[in-house]
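Taking it in order: structure first as structure tokens, then the write-up.
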Amino acid sequence: MAILEVRNLTHTYSGNSPFMNDAVKDVSFTVEKGEIIGIIGHTGSGKSTLVQHLNGLLKPTEGNVLFENEDIWENPKEIRKIRSKVGLVFQYPEYQLFEETVFKDISFGPRNMGLESEALENTVKEICGIVGVKPEFFEKSPFDLSGGEKRRVAIAGVMAMKPQVIVFDEPTAGLDPKGREDVMEIIRSYRKATNATVIIISHSMEDMAALADKVIVMNKGSLYMFGTAREVFSHSDELRKIGLNVPIVSQVFEALGLNNIPLTVDEAVEILKKRVGDNA
Amino acid sequence: MLKDITFGQYYDATSVVHKCDPRVKILLMIAFIVLIFVSQNMFSLAFACVSVIFVLLISRVPIKLFLKNLKAIWVVLAFTAVINLFYSNTGKVLVSFWIVEITTGGVYRAVFMALRIILLIFISSVLTYTTTPNSLTDGIESLLSPLKYIGLKNAVHIFAMMMTIALRFIPTLIEEAEKIMNAQKARGADLENGSLVERVKALIPILIPLLISSVRRAYELAEAMECRCYNGGVGKTRMKQLTLSVSDLYAIIFIAVFTCGIIGLNIIF
């Protein structure tokens, strides 16, 4: 079942800045329930503008966004309700932390949804369990945490609203390898616990290949490609033309002139083992 | 909402006003402001109106932009006009209820005051629209330089640098504030509805992250400046020296005529 549908979405910034016009042009795609969708595109290709339409932060200049077959702008006064159904984690979400304690900060979202006392506390604790925020952190100030931990708390702050669709705008930007792996793990465990649909913007082709069921390629505000990760990454030349690439393992196999091209290291290992086995 | 803030915004164009030396422009703007307050009667104020409109036209900045500045202060404007409406009891009584009465004198006064404020806004926007923030602070630094001789050696430079930085970071802060607002809205924050108290409370999740990021930014900027060997104003030379040109002469002549006009009209009528 389609949970989210974008129909002919166009967004024009009304500002008089010449290079900002038509940030998104006539984009259409459908997201099925439970899918993981990756969005890739060079800087300024309209990815961030596109995802801000999914929870109604931006209103389409033309076109519609449908959540469970209903136009989210049907009743503009109710637009705030969509934000708890479609969560959006911005780039560097740790910059939105503001409360005195970690626990209070994570409960900001659910409290805005109207949850109170015990229900609120249970929800926050449940989410902390899923994303791995330890109870001893609850009463700490979010500003005393390390960079990676701050991001974990900030992501938990959005997840605490239990959105059915959760969108991440470059969730691993600026983190060390351990931090990146942690964020990916948080996303996986949230999905496992809630069966949520996940949309991720990323510049890491490796993460996309490992995680995404389908990949959307944006170029200059338009939808350039939309298909399964394997389909999209089989067009390596086109991707390179618009400033993107395929995962490094794929590049290696391509450079070696092999025709069975893997997307992830695990796949590559399988293929190589087979070859070695055949030769031995 | 935040995009309405146009203070410190430069509008690029080629005009006599743009070419003027910032020092001359600052001094002339001060003169203009003083003279607008000096105007005592309808005739001198009308003359001031014509002169201000003349300056607006030759600055080649779209009139729309000036009107936009007015939109931001219309509350102040309306408030002043209404207060002044009741302030005078000269002239014919137009409306009278309870203990207040509105007279022709009051109406005249209200219009007069409102017009003065509009002129003030217009003439000070000419300065910010036609002068880049950098040359504006250069001008201020140069104008304040006599203070060096009374023991405030580095203070003038520091003050000018602070102003440059403040002006430079207005757009950055606006952008940052918008980002944080979006992030909190995505967490269900309600910024548009509710009572006054609720709305002020709703600002906390925006102001705290904004404050923290400003402090962070300040540290980063200080480090970057030190990396480029910034050590205050001592011994610093300028890439662009301020020099007076023909446009400045025109400007001075214009303001002389304007001064004579206002004072003359004040005396005659």
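Residue numbering restarts at 1 for every chain, and letters A, B, ... go by the order of the sequence lines.
Few gaps surround CD on A:Glu185; more than 12 heavy atoms of other groups in view lie less than 6.0 Å from it. Enclosure of atom CD in A:Glu68 by more than 12 non-hydrogen atoms of other residues, nucleotides or ligands within 6.0 angstrom is indicated. The neighbour count for B:Phe54 CZ, taken as heavy atoms of other residues, nucleotides or ligands under 6.0 Å away, does not exceed 12. Under a cut-off of 6.0 angstrom, the local environment of CZ in B:Phe169 is crowded, with over 12 non-hydrogen atoms contributed by other residues, nucleotides or ligands. Heavy atoms from other residues, nucleotides or ligands lying under 6.0 Å from CZ of A:Phe143 number more than 12. The neighbour count for A:Glu118 CD, taken as heavy atoms of other residues, nucleotides or ligands under 6.0 Å away, does not exceed 12. The local environment of CZ in B:Phe159 is sparse, with at most 12 non-hydrogen atoms from other residues, nucleotides or ligands closer than 6.0 Å.
For A:Met113, no part lies under 4.5 angstrom from a heavy atom of chain B. In this structure, no portion of A:Glu99 lies under 4.5 Å from any heavy atom of chain B.
Here CG of B:Asn182 is found 8.5 Å from CG of A:Leu88. Values are rounded to the nearest 0.5 Å. Between the OH atom of A:Tyr95 and the CD1 atom of B:Ile212 there is a distance of 11.0 Å, given to the nearest 0.5 Å.
A donor-acceptor distance shorter than 3.5 angstrom exists from the side chain of B:Gln184 to the backbone of A:Gln96, with no hydrogens or angles considered. Formation of a donor-acceptor pair under 3.5 Å by the A:Arg83 side chain with backbone atoms of B:Arg187 is not found in this model.
Among the candidates B:Gly188, B:Pro205, B:Ala186, B:Ala183, the residue making the largest number of heavy-atom pairs closer than 4.5 Å to chain A is B:Pro205. Here B:Asp190 is the residue among B:Asp190, B:Leu210, B:Leu207, B:Ile208 with the most heavy-atom pairs under 4.5 Å with chain A. Interface check for chain B: of the options A:Asn55, A:Leu58, A:Asp105, the most heavy-atom pairs under 4.5 Å are formed by A:Asp105. Ranked by non-hydrogen atom pairs under 4.5 Å with chain B, the options A:Asn112, A:Leu97, A:Ile82 are led by A:Asn112.
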